[in-house]
Amino acid sequence: MVKTIWIGDVQSGKYDDQEVELKGWIKRERGSNKMRFIVLRDSTGTIQCVVKKDAIGEELFLEVKNVLIETSVIINGIVNADERADGGHELIATSFEIIGPVNPDRPFPINKEALDSAVDEDGELMPGGSEFLLDNRHLYLRTSRMTSMLKLRSSAFGAIHNYFRNEDFIEYQAPNFVTGAVEGGSTLFEVPYFGRTAYLTQSWQLYAEAAMPALERLYTIAPSFRAEKSRTRRHLTEFWHAEMEMAWATNDEIMAHGEGVVRHVARTLLEEQEKELTSLDRDLDLIARYADNPYPRMRYDEAVEILQAKGDDVEWGQDLDYSKEKILTQDFDVPHFLTHYPKIAKPFYHRVDPDDDNYVLCHDLLAPEGYGEIIGGGERTWSEEEILARLEEEGTDKEPYQFYIDTRSYGGVPHGGFGLGVDRVVSWLAGATHIREVIPFPRTSRRVTP
RNA sequence: GCCGAUUUAGCUUAGCUGGUGGAGCGUGGGACUGUUAAUCCCAAGGUCGAGGGUUCGAACCCCUCAAUCGGCGCCA
């Protein structure tokens, strides 16, 4: 039963004039009552199969004629290089076997019209597609666009693992049930936990910092959950978070890894998924630019000056929201870091800049093309005294953070890390119109099905 | 939480100042020996998101609700 021959290889010319057995699903079907053209799909591509009545007999031909889209089949035949076939190759069928039929009362619902609905007048894909396609996500996954996105996603995950492992980071897992917040408490998902209330984690960070004195350089790729009612093309309630934590490192050194991993992802997509990027109409030169060029760094104060010079009414001390980020990203053709935010704009765990205590040693990485923030990170407050002072200053209850504070009581060292939104990176590099496009079953504030 | 929009056949939609809801795709039947999201003929398929109101009469006007989409804030 093992499948040995892939449509992508047949289209590459590897099996010309040979007899092969192809296994896949029917993508399209047309023809006359003497011959049918079956477009067969598998995970590697599509190929036209020519089925002639004379070659397979009347009875079988009738089955072929009545076959429905997404029927799974095994077709044997001779590979024929022919310009008339899409992709340059076709299969002249000698046999045809239906494996999994489709009920005509419920034909495959993702048809031409449904796909058109996801595209606007200019032929641009609408953000996330139509409600119908979201409801039928389990079937929409089979379309070429979604298949391409999932392949890009796989390469991105692989690239992140490779980057950190090559840099001697150790993969480490934090719990998903937690009791304390990392970001604001209002964005936690509550979970009943045997009579108590637990939360789904927003970040592995606090638990990674606990392991930092053991492993020194650690990373993860794990889901994070945020109950933000955000309705934007950059937000999911469940997203994949690549995070790293590193002992004995400064903000600059941590940023170098942020830049390193993002550039490595871009490079890997170019190397492994050129075909998919092209099929998505993505400009390869753009991805190469993101892979090859250094990412500039800019202090928060400079960003505010630029914004003010552009006539924006931003005030010093306020966090930079998406509208501000978007203006900034227009001046750059590669991602850029913003560093040294005002202390008042960031939570207690960020380390205060020893040179000027109005600022913290942090960084955000903003992706160009209007995508905005893909990394947030920085140095952590590592002395027990300082962390207690910051909690006090911020008016944050220290009880849920007791274990975290405790780690500082036993040999705290300078350290830091960042979190990277993997889905955001894939969305940006793939040129997706919505982050929903790059995750198989997106979870947002209003959708948790299918 | 706030602002804006949408909801008509399985899907995509047309529907004028309120007067018997049309079409394309798909499905079913038929024709066709090289099709390129094939083409041609025929058929079935609708309590117009739900509830209420105005009216002789509502898909259309008004109210309430629901679902969904887009944007903002917040963030990765």
Side-chain angles (χ1 to χ4, degrees), chain A residues 27-39 46 48-55 61 65-66 68-69 80 82-87 90 92 102-120 126-136 144 182-184 186-187 202-203 205 223-243 258 318-326 345-347 364-367 371-377 418-428 433-436 444-447 449:
Chain A
K27 186 183 172 71
R28 245 185 298 287
E29 186 271 338
R30 54 183 171 258
S32 69
N33 62 5
K34 296 280 173 53
M35 67 189 297
R36 309 298 297 176
F37 299 93
I38 302 289
V39 180
T46 62
Q48 170 167 292
C49 302
V50 183
V51 185
K52 294 180 180 174
K53 193 198 246 176
D54 295 346
F61 187 80
K65 221 182 138 181
N66 292 329
L68 294 174
I69 303 289
N80 179 36
D82 193 318
E83 281 180 5
R84 291 174 295 183
D86 194 22
E90 62 186 12
I92 309 299
V102 170
N103 181 351
D105 296 334
R106 294 176 55 248
F108 192 66
I110 314 290
N111 57 28
K112 172 181 143 189
E113 308 300 320
L115 288 173
D116 279 353
S117 73
V119 176
D120 67 16
M126 310 254 283
S130 70
E131 179 185 347
F132 176 76
L133 293 181
L134 289 166
D135 285 341
N136 287 281
S144 59
V182 179
E183 310 294 340
S186 62
T187 66
Q202 300 168 304
S203 164
Q205 182 193 323
S224 284
F225 305 89
R226 298 201 183 163
E228 296 161 351
K229 287 184 179 170
S230 313
R231 300 185 48 73
T232 77
R233 56 188 66 188
R234 309 178 305 285
H235 282 86
L236 294 166
T237 53
E238 175 182 356
F239 67 97
W240 285 80
H241 211 171
E243 297 181 85
Q318 85 182 69
D319 208 350
L320 300 179
D321 61 40
Y322 178 63
S323 65
K324 312 277 188 289
E325 286 179 2
K326 203 167 179 180
K346 292 286 179 182
D364 284 355
L365 181 63
L366 307 185
Y371 277 87
E373 188 173 346
I374 52 175
I375 280 181
F418 63 78
L420 174 150
V422 183
D423 318 275
R424 283 189 178 177
V425 169
V426 177
S427 178
W428 158 58
T433 52
H434 196 295
I435 195 167
R436 255 191 320 236
T444 60
S445 60
R446 298 208 193 171
R447 180 175 286 276
T449 57

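Order of the sequence lines fixes the chain letters, A, B, ..., with proteins taken first and strands second; residue numbering starts at 1 for each chain.
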Within the structure shown, what part of the strands sits under 4.0 Å from [X] by heavy-atom distance: base, sugar-phosphate, or nothing?
| X | answer |
| --- | --- |
| S224(A) | nothing |
| R446(A) | base |
| E29(A) | sugar-phosphate |
| I375(A) | sugar-phosphate |
| D319(A) | sugar-phosphate |
| E243(A) | nothing |

Counter-base of [N], judged by Watson-Crick or G-U geometry with both distances under 3.5 Å:
| N | result |
| --- | --- |
| A37(B) | none |
| U7(B) | A66(B) |
| U13(B) | G22(B) |
| U55(B) | none |
| G1(B) | C72(B) |
| G28(B) | C42(B) |

For nucleotides 28-32 of chain B, print each protein N/O atom paired with a nucleotide N/O atom at under 3.5 Å, atom names and distance only.
unit_1	atom_1	unit_2	atom_2	d
C32(B)	OP2	N33(A)	ND2	2.3
C32(B)	N4	N33(A)	N	3.4

Taking only the [atom1] atom of each, what is the distance from [N] to [M] in whole angstrom?
| N | M | atom1 | value |
| --- | --- | --- | --- |
| G30(B) | G52(B) | C1' | 49 Å |
| U13(B) | U6(B) | P | 13 Å |
| U7(B) | G46(B) | C1' | 15 Å |
| C69(B) | A23(B) | P | 32 Å |
| C42(B) | C25(B) | P | 12 Å |
| A43(B) | A59(B) | P | 26 Å |
| U68(B) | C32(B) | P | 49 Å |
| G49(B) | A67(B) | C1' | 8 Å |

Send over the distance from [X] [atom1] to [N] [atom2], rounded to a whole Å.
| X | N | atom1 | atom2 | result |
| --- | --- | --- | --- | --- |
| N136(A) | U68(B) | CG | P | 15 Å |
| R234(A) | G70(B) | CZ | C1' | 13 Å |
| F132(A) | G26(B) | CZ | P | 14 Å |
| K229(A) | G73(B) | NZ | P | 17 Å |
| R84(A) | U33(B) | CZ | C1' | 11 Å |
| W240(A) | A76(B) | CH2 | P | 18 Å |
| L133(A) | C69(B) | CG | P | 12 Å |
| E228(A) | C2(B) | CD | P | 18 Å |

Can you tell me if [X] touches the phosphate of [N], counting only side-chain N or O atoms and a distance under 4.0 Å to OP1 or OP2?
| X | N | answer |
| --- | --- | --- |
| R436(A) | G70(B) | yes |
| H434(A) | C69(B) | no |
| R447(A) | C69(B) | yes |
| S323(A) | G73(B) | yes |
| R233(A) | G71(B) | yes |

[Y] side chain reached by [X] side chain, heavy atoms, under 4.5 Å:
| X | Y | result |
| --- | --- | --- |
| I435(A) | H235(A) | no |
| R106(A) | L68(A) | no |
| I110(A) | L133(A) | yes |
| D364(A) | I375(A) | no |
| T46(A) | R28(A) | no |
| K53(A) | S32(A) | no |

Heavy atoms only: give me the nearest I69(A)-K27(A) pair and the separation to one decimal. CD1-O, 3.2 Å
Flag as yes if Y322(A) stacks onto the base of G73(B) (centroids under 5.5 Å, planes under 30°), otherwise no. no
Under-3.5 Å donor-acceptor pair between [X] side chain and [N] base:
| X | N | result |
| --- | --- | --- |
| R424(A) | C75(B) | yes |
| S230(A) | C74(B) | yes |
| E90(A) | G34(B) | yes |

Using the side-chain heavy atoms of P107(A), tell me which of these nucleotides is nearest: C69(B), C11(B), U27(B). U27(B)
With F239(A) via ring pair (Phe, Tyr, Trp, His ring centres under 6.0 Å) - residues at least two apart: H241(A)
Which residue, D105(A) or D82(A), contacts RNA chain B at a nucleotide closer to its 5' end, judged by nearest heavy atom? D105(A)
Please answer whether the main-chain N or O of T232(A) pairs with a side-chain N or O of S230(A) as donor and acceptor at a distance below 3.5 Å. no
Side-chain donor or acceptor of D321(A) paired with backbone N/O of K324(A) under 3.5 Å: yes
R36(A): salt bridge (Lys or Arg N to Asp or Glu O under 4.0 Å) partners, not counting sequence neighbours: E29(A)
